[in-house]
There are 2 protein chains.
Amino acid sequence: MGLFLSTFVNKVDRKGRVSVPATFRATLSAQTFQGIIAYRSFTAACVEGCGMDFMERLSDSAQSFDAFSAEQEDISALIFADARQLSWDPEGRILLPEDLIDHAGLSETAAFVGKGQTFQIWQPEAYKAMEAEIRSRALKNRPTLPLKPKTGGA
Amino acid sequence: MGLFLSTFVNKVDRKGRVSVPATFRATLSAQTFQGIIAYRSFTAACVEGCGMDFMERLSDSAQSFDAFSAEQEDISALIFADARQLSWDPEGRILLPEDLIDHAGLSETAAFVGKGQTFQIWQPEAYKAMEAEIRSRALKNRPTLPLKPKTGGA
DNA sequence: GTGAATACCATTGACGCCCATGGCTACCCA
DNA sequence: TGGGTAGCCATGGGCGTCAATGGTATTCAC
């Protein structure tokens, strides 16, 4: 299973095009749709991104009540309505729609931020600020991450 | 299952390259991604290192979000966003990104410190100081490590 | 017909790959 | 037991390739 890792800052050109990081494209290469799914985050000033398979999983989850609460059903409804398929050109660039650019406050550059199964697109300075905040909070709280035991193999 | 054991101090060349200890490479040799995952520790001046399988376990753990507090989501966000895939060259070297070098205060040499399932990369002098501190604390506190019973296989 | 979106092409700079070297160790053989 | 040798691992540097980027042309839609 491929993951979206690391953060890449790429330029947005005059036409609104931006290169999707090569490693992200590699992560999505197995999928039928050659591109990304993008929708406006409703918790932060950024764009959420993922592959089609994640959308399908989201859809499956929304079906089963016990997995998703009513609120979460609302959320998934929002997501599906807002989501758009952005296919990349032969060079691996996507064209960012105007409203996504507005929502994330993008201008010259865009930061692709890996979140594991998904990723986000931020205005780089805004992300830096957000990251600093989270990092300082982590430093204070020293939270721990309960690791699941290894699944299946090895 | 392979573990990361012992400590190795290797040189960082002018291009920022450093050899990953051969035994660490052997530990990771079975994995799909031939290289290491590295991210800045948020509790110490060092770089955390692991294999892709460890990252995937982390991602799996993050999936069940009812088990996840906001804090813990913070952590996984920080880790995935900061994690870089550093593949090694045919000689077993990785290229250390500038900000990782800065965070750990690396210059001429780097210490690879085994931590079992994961490892860390330290500025050698800094690690020596940290180790001395931990050791003296252990002498005082006599910490214990509850051993799990053997799980089924291997 | 005009504008936008997509495809095509060219440039460049970073990164990955290749070859060469040196030192240490472990092994072999006398 | 000691010298020689071979192999592995860490190291240094040069070169080619690919990803990111900027621009132009062509096609599609309205």
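These numbers were taken from a predicted model, which means no experiment stands behind them. Excluded from the calculations below are hydrogen atoms, water molecules and symmetry mates; all remaining heavy atoms, backbone and side chain alike, are included. Per chain, numbering begins at 1; letters A, B, ... match sequence-line order.
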Measure CZ/A:Arg14 against C1'/C:dA4 and give the value in whole Å, please. 15 Å

In whole angstroms, the gap separating P of D:dT11 from CZ of B:Arg25 amounts to 11 Å

Rounded to whole Å, CZ of B:Phe112 lies from P of D:dC9 at a distance of 15 Å

Select base, sugar-phosphate, or nothing to describe what B:Arg17 touches, counting heavy atoms under 4.0 Å on all strands. base

If we check ring pair (Phe, Tyr, Trp, His ring centres under 6.0 Å) with B:Phe8, which of these qualifies: B:Tyr127, B:Phe119, B:Trp122, B:Phe24? B:Phe24

Can you say whether a donor on the side chain of A:Lys15 sits under 3.5 Å from an acceptor on the base of C:dT6, or the other way round? yes

Are the charged groups of A:Glu131 and A:Lys128 less than 4.0 angstrom apart, N to O? no

Between A:Gln85 (CD) and C:dA5 (C1'), how many Å, whole number? 17 Å

Rounded to the nearest Å, what distance is computed from the CH2 atom of residue A:Trp88 to the P atom of nucleotide C:dC8? 17 Å

Between atom CG in B:Leu96 and atom P in C:dG16, what is the gap in whole Å? 12 Å

B:Lys11 (side chain) and D:dG12 (base): donor-acceptor pair under 3.5 Å: no

Here's a test of your reading of the structure: between B:Leu95 and B:Pro90, which maps to the more 5' nucleotide of DNA chain C? B:Leu95

Taking CG from A:Asp89 and P from D:dG22, how many angstroms apart are they, rounded to a whole number? 13 Å

Side chains of A:Gln117 and B:Ser59: any donor to acceptor distance under 3.5 Å? yes

Between A:Arg25 and A:Gln34, do the side chains contain an N or O donor and an N or O acceptor separated by less than 3.5 Å? no

If you pin B:Val9 and A:Val18 to their nearest nucleotides in DNA chain D, which one's is more 5'? B:Val9

Do B:Arg93 and C:dG16 have a side chain to base donor-acceptor pair shorter than 3.5 Å? no

Can you measure A:Asp13 atom CG to C:dA4 atom P for me and round it to whole angstrom units? 14 Å

Hydrophobic clustering (ILVMFWY, side-chain heavy atoms < 4.5 Å, transitive) - are A:Phe54 and A:Leu86 grouped together? no

On a plain distance test, is the side chain of B:Glu91 in donor-acceptor contact with the base of C:dC18 below 3.5 Å? yes

Counting side-chain heavy atoms from CB outward, which of D:dC9, D:dG13, D:dG12 is closest to B:Ala22? D:dC9

